[in-house]
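Remember, predicted model here, so these are calculated numbers, not experimental data.
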Amino acid sequence: MIPIKLSKEQKDDIVKRLQSFFEEERQESIGNLAAERIIDFMLKEVGPYIYNKAIADARLMISEKAAQIEDELYAMEKPVMRSR
């Protein structure tokens, strides 16, 4: 699997959110480096599970849409008059 890459802006935003989480939920302060290491760990260890779930969800949605299109195509068929 291709590693999940975040832009600097995305990572900075997540760092701030993680620091806020630790402050609010655990009454602990963590620095930028600690927050970045936690994010990197989570991306490496949890990222594949989330990625695979997203792929499964996309696969299901595409399957449902294909079935819907197939139903619509059958509905568009014209009756054929057969001669005797």
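- The closest side-chain heavy-atom distance from Leu18 to Glu36 is not below 4.5 Å.
- Electrostatic pairing of Asp12 and Lys16 does not count as a salt bridge here, judged by no charged N lying under 4.0 Å from a carboxylate O.
- The backbone N or O of Pro48 lies less than 3.5 Å from a partner atom in the side chain of Asn52, making a donor-acceptor pair.
- For Arg26, the salt bridge (charged side-chain N to carboxylate O under 4.0 Å, His left out) partners two or more places apart in sequence, or in a different chain, are Glu28.
- Other members of a hydrophobic cluster containing Tyr49 are absent, since no ILVMFWY side chain comes under 4.5 Å of it, directly or through relayed contacts.
- When hydrophobic side chains of Ile, Leu, Val, Met, Phe, Trp and Tyr are connected at separations under 4.5 Å, Leu33 ends up as a singleton with no cluster partners.
- For the residue pair Glu23/Ser29, the side-chain donor-acceptor check at 3.5 Å is satisfied.
- Counting only residues at least two apart or in different chains, side chain to side chain donor-acceptor pair (under 3.5 Å) contacts with residues 66-82 are absent.
- When all heavy atoms of Gly31 and Gln19 are compared, the closest pair comes out as C-NE2, 3.3 Å.
- Looking at heavy atoms from C-beta onward, Phe21 lies out of side-chain contact with Ile38 at the 4.5 angstrom threshold.
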Can you list, pair by pair, the side-chain donor-acceptor contacts under 3.5 Å of residues 53-61, counting residues two or more places apart and other chains?
unit_1	atom_1	unit_2	atom_2	d
Lys53	NZ	Asp57	OD1	2.7

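- With sequence neighbours excluded, the residues satisfying side-chain contact (heavy atoms from CB on, under 4.5 Å) with Ile14 are Leu6, Ile39.
- Considering only heavy atoms from C-beta on, Ile50 stays 4.5 Å or farther from Ile4 through its side chain.
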Would Asp13 and Arg17 count as a salt bridge (charged side-chain N to carboxylate O under 4.0 Å, His left out) if you check the C-alpha gap in whole Å, the side-chain angles of each, and the deciding distance to 0.1 Å? CA-CA 6 Å; Asp13 183 50; Arg17 291 170 181 255; 3.1 Å; yes
